[in-house]
Amino acid sequence: MRICDRHGCNEPGECPAPKSPNSPDRWYFCEKHAAEYNKGWDYFQGLDKEEAAARASAEQAESAGYAEAQHYGWSGSGDGSRSADEMRALGVLELEADADFQSIKREWRARAKKVHPDVKPGDAEAAEEFQKLRLAYEVLKAAEERREWKG
Ligand SMILES: [Zn+2]
């Protein structure tokens, strides 16, 4: 059985946590230390200010239980190749974990078209939905580009 990776802890380590954003490398913590790691986990890291602000506002709309459940999401992609951000972005677009980038692009375009500010001017709800979709697509596009880089 795995032991918690936190130094000096001998509890079973059953909660995977990424060592860095979008890294397939994982720590394995006990529940207590996973929660502690979550608290210190800056997942806005690497985003520019505007993007971080957009993401923060998009997330306020989401469930309050998310922070507690976060480390369970990290193990959600099956093969560990998708980050929690990607999994959530796929959720926004209502796509499966193994969706390829073509279907991601197709889904983003189809959904964005319906709530685009040009189509629904002055509609705050539509604008918010559009931002959420845009952000999800940005996350997935960036991840796709990183994978291409690595070959
Ligand atoms: Zn521990």
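Treat the numbers as computed from the prediction; the structure is a model and nothing was measured. Counting convention: from 1, in listed order, for ligands and their atoms alike.
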**Q.** Any K114 side-chain heavy atom under 4.5 Å of V119 side chain
**A.** no
Q: Measure the acute angle between the ring planes of Y137 and F101, then classify it against the limits of 30° and 60° as parallel, tilted or perpendicular.
A: parallel
Q | salt_bridge(R111, E107) N-O dist < 4.0 Å | A | yes
Q: For residues 94-106, pull every pair meeting side chain to side chain donor-acceptor pair (under 3.5 Å), keeping only residues two or more places apart or in separate chains.
A: D100-S103
Q: Name all residues meeting the side-chain hydrogen bond (donor to acceptor under 3.5 Å, both in side chains) criterion together with N10; count only those two or more places apart in sequence or in a different chain, and write none if there are none.
A: none
**Q.** Listed protein N/O/S atoms, distance to the Zn ion (ligand 1) under 2.8 Å
**A.** C4 SG, C9 SG, C30 SG, H33 ND1
**Q.** Partner set under ring pair (Phe, Tyr, Trp, His ring centres under 6.0 Å) for F130, not counting sequence neighbours
**A.** W108, H116
